[in-house]
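Here is how names work: the chains are called A, B, and so on, in the same order as the sequence lines, proteins then strands, and each is numbered from 1.
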Amino acid sequence: MQLTVNGTAREVDVEPDTPLLWVIREELGLTGTKYACGVAACGACTVLVDGQPTRSCVTPAEGLEGAEIRTIEAVEETEIGRRVVEAWVEHQVPQCGYCQSGQVLAATALLSGTPNPTDAEIETAMSNLCRCGTYNRIRAAIHGAAEA
Amino acid sequence: MPLDTKSPARPVNLSRRGFLASGAALVLATALPLRPARGQQGEAPAVQTLLELRPDGTALLRSPFVEGGQGIFTAMVQIVAEELDLAPEAFTVEIAAPGAGAALTGGSASTRSSYDRMRQLGASARAMLMQAAANDWGVAVSELSTEPGAVLHDGSGRRAGYGELAAAAMDLEVPATVALRDPATFRWIGSPVPRIDVRDKSIGRAKYAIDAEVEGMLLAAVQHAPRLGLTPSGIVNRAEVEAMRGVHSVHLLDGAVAVVAERFWQARRAVEAAEVTWAEGTAEWPMPADFSSAGFRDALAGDTGEPVEVEARGDVAAALDAADTVIEAVYDAPFLVHGQMEPPSTIARFNDDGTLDLWLPNQSPAQFRAAAAEAAGIDPSQVRINSQTLGGFFGRHFLYRTANPFPQAIALARATGRPVKLIWTREEDFLRDAPRPLGVARFRGVVGPDGPVALEAVTIGEGPTQRWYGAPAGADVSAHEGISGKSYDIANTFVGQVPHANPAVVGYWRSVGHSMHDFMYEGFLDELAVSGGLDPYEMRLAMLAGNERLRTLLTRVGELSGGWRPGPFDAGDGTTRARGVAMASPFGSEVATIAEVSLDRGRVRVHDIWTAIDPGRIVNPAVIEAQVQSATALGVSQTLLEELVYENGEPTARNFDRYPFLAMYDMPEVHVAIIESGAEMGGVGEPGLPAVAPAIVNAVARLTGIRVRSLPLSRHDFG
């Protein structure tokens, strides 16, 4: 099947029900998207599908032909993505960093639809888990990116 | 590589022309005199740290410690940079070279254990660069000075960058002694230098073990026996599994079935399709088929065996006998998984020369190397451990014989004749993690008009240091720290431990014994305060009479919170709130914490955590603040939510969906004050955690009158 990832059409030969996560990591070699739970509980595998934050670990590759898939490797190709990354650096958000690809993309999607989110809107949108507990910095960085 | 064992503080010049492909000019090595691992007897192995100065003026530091989010790479750079006089931005850091061995990363000990050597390393390199310039210019070294990255001669105005001098410096002797910088002139030590890895971690560029790849590798997944002690006797549908797409081979291992395939997803799908028959096998710690965490908690609470004395002062028995009222309580805390976000994995590759390369997450490469050599049946010198950045650790990646994937990866690489990357799914990680042990402690106490006059505390159980290093009861600090080691002045005290083996495979979890024992002790202390009609904050201050360090700390956290105010009070937003206070003395640092809570539809909501920490001396206040915030998050998480339940010998949760932990909506505001008292340097990665739980439960008791003696709070109904 053909998938459009980070603006490029890629031909992949996988079982149709293979989760997008493993297509991205193993077929396309893009390892910025992380496997952590595999059951859509944590959000480490978040990618953007037509701009929507999507838990790729439970999203079958079939049905995504024609969709625009964006991974962390291309986050800085959009203005909002660039601002989010800058804010992440400014606020020194990551610790171990493993969940942050998903956090950054979830934040980018949030700001794309809600340019100036309230704390409540941030808490609703940012359901990604972080075992290092960087939540307060994530919230501050999203506010920072919104103001930038 | 030879190291100067006679004068271990003096770095060794390892420079060789063409020594490294990078074109490094000056290479200095120093050996770290490591403290033994917890409970480990005798000398721990020395390890090397390398500093390479390159012709372009940049430096590469090979860290003996593993970076897993705690900021250790940044701290190492700050210390070396300070003495070398080279800006931190000019450094890159890698984990110490494979095979050279590296330190154990744990016990909140990395910075404090290496601080002096790292300063010496930087200062020695600077002295050699200055000597090279002096030789070149024909002037005395005493006439020279440095600015970041360059040597200066004031008299002539000459200036040479470190990169230009590095080649000449490599032929010089390392000076026997070097002067260290006056701490009053520090620029980077003590400053909030930005972390060096933050951008890469924000754009998906950081690489973890699970991302590593070697040529020709196959991918593997396993299905573990539901309990340790069972082993596969067969696979009913083996032919079907072997025929699944991408499957290379199917293997029966000790206590697990493995599928090796072209892709991990194929391996996982196939191994989960396998209908395995399990039979009784052998295991060092077989899990009883009827084991339950609830039953084990009751067994611990009911164990009235004779305690081994840990600490004693005065005459507790007499004080308890003489008292009209004795307060008694039993506290417990559950098993906890580490829940590091990166699942465990290992790549094993046997090389043509018989050596073995391993890429894996680990906190103690030397121990892993020895164990891997044993698993592979080769000499440790034939094993290279390629340590990787850790996607969280919290104690998960120590050597636990049944909890690390590498023996299986080694077996599969040998069986297939190919490099194999084995990933444990989250479900398999939950099943074989070495959880924080469930713990129980019994207390008896007497309180007088001025505070506690007697306190007897007995922990019942087994600590990870007994399990993994054979430390006997009493001497195993992990089984009582946080109940032992308190600084309060109580005339009659007894702390003891009743050893009681834990059928589960237990491990170290962030702040180890402190993660539960401070909850128990500080909770009971508040029970004594309530019984005696005393304010818990003022009572603690009084119990610290004469201890200026801790009185200062407790006073500081009171100020940080806007003045001690236990409540309950109306917060003005429709909530009624109360505050609790607690203290802890973990890993060489001192901590005081205040928590503010309310109830929201029967659930406890934590609004604010104020923590004052005194680590004695500091390297990076921004890293310390981040570590306290992180430790606070884990502390709140275990207080509110976390509990690994066993029934019928198996954990009832196998993934994050049935083992909830802290999400953003439950995260309190965290306020941190750092006190640099000048005492001996303590740790910063773990100390922020232990006082969080007791501060919260003490606040909850103040608010509701309900004294929680069993975590987590989600088990209790506050109506």
Side-chain angles (χ1 to χ4, degrees), chain A residues 14-15 17-19 21-23 25-27 29-42 44 71-73 75-76 81 84-89 91-101 103-105 120 122-124 126-139, chain B residues 67-71 194-195 197-208 210-211 213 219 245 263-266 268-269 338-343 389-394 423 425-427 622 626-627 629-634 636-637 655-657 661-670:
Chain A
V14 295
E15 296 289 308
D17 62 349
T18 304
L21 168 67
W22 296 105
V23 176
R25 286 183 60 85
E26 299 205 289
E27 306 300 326
L30 299 172
T31 57
T33 306
K34 299 304 187 199
Y35 163 63
C37 74
V39 295
C42 77
T71 71
I72 188 69
E73 284 84 359
V75 69
E76 292 185 290
V84 170
V85 169
E86 286 313 311
W88 246 243
V89 174
H91 289 268
Q92 297 275 295
V93 174
Q95 291 198 17
C96 91
Y98 197 78
C99 74
Q100 297 297 344
S101 297
Q103 305 278 8
V104 165
L105 287 176
I122 292 172
E123 282 178 19
T124 302
M126 299 297 293
S127 56
N128 296 33
L129 297 176
C130 172
R131 192 63 166 161
C132 301
T134 62
Y135 299 118
N136 293 340
R137 288 170 190 253
I138 288 172
R139 189 190 294 112
Chain B
E67 176 63 62
Q70 79 279 40
R195 296 260 313 268
D197 50 359
V198 160
R199 175 169 290 277
D200 278 354
K201 286 177 173 176
S202 301
I203 57 174
R205 200 175 283 164
K207 296 288 183 200
Y208 304 84
I210 203 169
D211 303 322
E213 194 176 349
L219 278 296
R245 182 174 174 183
R263 297 283 188 264
F264 177 70
W265 179 250
Q266 296 166 337
R268 175 183 185 163
R269 188 154 59 171
H338 291 92
Q340 80 297 336
M341 296 300 284
E342 180 195 5
T389 296
L390 304 173
F393 54 124
F394 321 114
I423 301 171
T425 61
R426 182 61 61 189
E427 289 78 6
Q627 283 303 295
Q629 291 167 341
S630 171
T632 299
L634 202 54
V636 173
S637 187
N655 206 323
F656 297 150
D657 52 354
F661 69 83
L662 192 78
M664 183 184 277
Y665 57 82
D666 267 338
M667 181 76 194
E669 292 297 324
V670 183

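Summarising the geometry of A/Ala36 relative to B/Phe656, their closest heavy-atom pair is O-CE1, 4.5 Å, with the distance given to 0.1 Å. When all heavy atoms of B/Gly391 and A/Cys96 are compared, the pair lying nearest together is C-SG, 3.4 Å. Considering all non-hydrogen atoms of both residues, A/Cys132 and B/Ser630 come closest at O-OG, 2.8 Å.
For the set B/Ala206, B/Gly339, B/Pro668, the count of heavy-atom pairs under 4.5 angstrom toward chain A peaks at B/Gly339. Of the listed residues A/Gly97, A/Cys37, A/Ala41, A/Gly32, the one with more heavy-atom pairs under 4.5 angstrom with chain B than any other is A/Cys37. Of the listed residues B/Glu427, B/Lys201, B/Glu213, the one with more heavy-atom pairs under 4.5 angstrom with chain A than any other is B/Lys201. Between chain B and the options A/Cys130, A/Gly29, A/Pro19, the largest number of non-hydrogen pairs under 4.5 Å is found for A/Pro19. Taking A/Pro94, A/Ala40, A/Ser101 one by one and counting their heavy-atom pairs under 4.5 Å with chain B, the maximum is reached by A/Pro94. The most heavy-atom pairs under 4.5 Å with chain A, out of B/Gly204, B/Ala663, B/Gly392, come from B/Ala663. Ranked by non-hydrogen atom pairs under 4.5 Å with chain B, the options A/Asn128, A/Ile72, A/Val93 are led by A/Ile72.
Considering only heavy atoms from C-beta on, A/Ile138 stays 4.5 Å or farther from B/Met667 through its side chain. The shortest distance between side-chain heavy atoms of B/Gln627 and A/Gln95 falls below 4.5 Å. Taking 4.5 Å as the limit, some side-chain heavy atom of A/Tyr35 sits within range of a side-chain heavy atom of B/Arg268.
The contact between B/Ile203 and chain A is made by backbone and side chain atoms together, counting heavy-atom distances below 4.5 Å. In this structure, the portion of A/Arg137 lying under 4.5 Å from any heavy atom of chain B is its side chain and not its backbone. Proximity to chain A (any heavy atom under 4.5 Å) is restricted, for B/Phe394, to the side chain, taken from C-beta onward. Using a 4.5 Å cut-off between heavy atoms, A/Val104 touches chain B through its side chain atoms alone. Heavy atoms of A/Leu21 lying under 4.5 Å from chain B are absent altogether. Contact of B/Ala626 with chain A is made through backbone and side chain together, with heavy-atom distances under 4.5 Å. Contact annotation for A/Trp88: both backbone and side-chain heavy atoms come within less than 4.5 Å of a heavy atom of chain B. Contact annotation for B/Ala631: neither backbone nor side-chain heavy atoms come within less than 4.5 Å of a heavy atom of chain A. Heavy atoms closer than 4.5 Å to chain A are found nowhere in B/Val636, neither backbone nor side chain. A/Thr18 touches chain B through backbone and side chain together, each having a heavy atom under 4.5 Å away. Both the backbone and the side chain of A/Glu15 have a heavy atom closer than 4.5 Å to some heavy atom of chain B. Using a 4.5 Å cut-off between heavy atoms, B/Thr425 contacts chain A through both its backbone and its side chain. Residue contact with chain B, scored on non-hydrogen atoms closer than 4.5 Å, is absent for A/Val23. Of the two parts of B/Asp657, the backbone and the side chain both hold a non-hydrogen atom closer than 4.5 Å to a non-hydrogen atom of chain A.
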> Under the side chain to side chain contact (heavy atoms under 4.5 Å, CB included) criterion, do B/Leu219 and A/Glu26 qualify, and how do the steps go?
Replying inline: CA-CA 10 Å; B/Leu219 278 296; A/Glu26 299 205 289; 3.5 Å; yes
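Atom CG in B/Asp211 sits 10.0 Å away from atom OG1 in A/Thr33 (nearest 0.5 Å). For the atom pair CZ of A/Arg139 and CD of B/Glu669, the computed distance is 6.0 Å after rounding to the nearest 0.5 Å. Atoms CZ and CD, from A/Arg131 and B/Glu342 in turn, are 15.0 Å apart once rounded to the nearest 0.5 Å. Rounding to the nearest 0.5 angstrom, the gap separating the CE atom in B/Met664 from the OG1 atom in A/Thr124 is 10.5 Å. Residue B/Arg263 holds its CZ atom at 12.5 Å from CZ of A/Arg25, rounded to the nearest 0.5 Å. How far CD of B/Gln340 is from SG of A/Cys99: 13.0 Å, rounded to the nearest 0.5 Å.
Between A/Tyr98 and B/Tyr208, the angle of the ring planes goes over 60°, which puts this pair in the perpendicular group of the 30/60° scheme.
Using modelled atom types, one side-chain atom of A/Tyr135 and one backbone atom of B/Leu662 make a donor-acceptor pair closer than 3.5 Å. Looking only at distances, no side-chain donor or acceptor of B/Ser202 sits under 3.5 Å from a matching main-chain atom of A/Val85.
Ion pairing between a basic and an acidic side chain is recognised when a charged N comes within 4.0 Å of a carboxylate O; A/Glu76 and B/Arg199 show such pairing.
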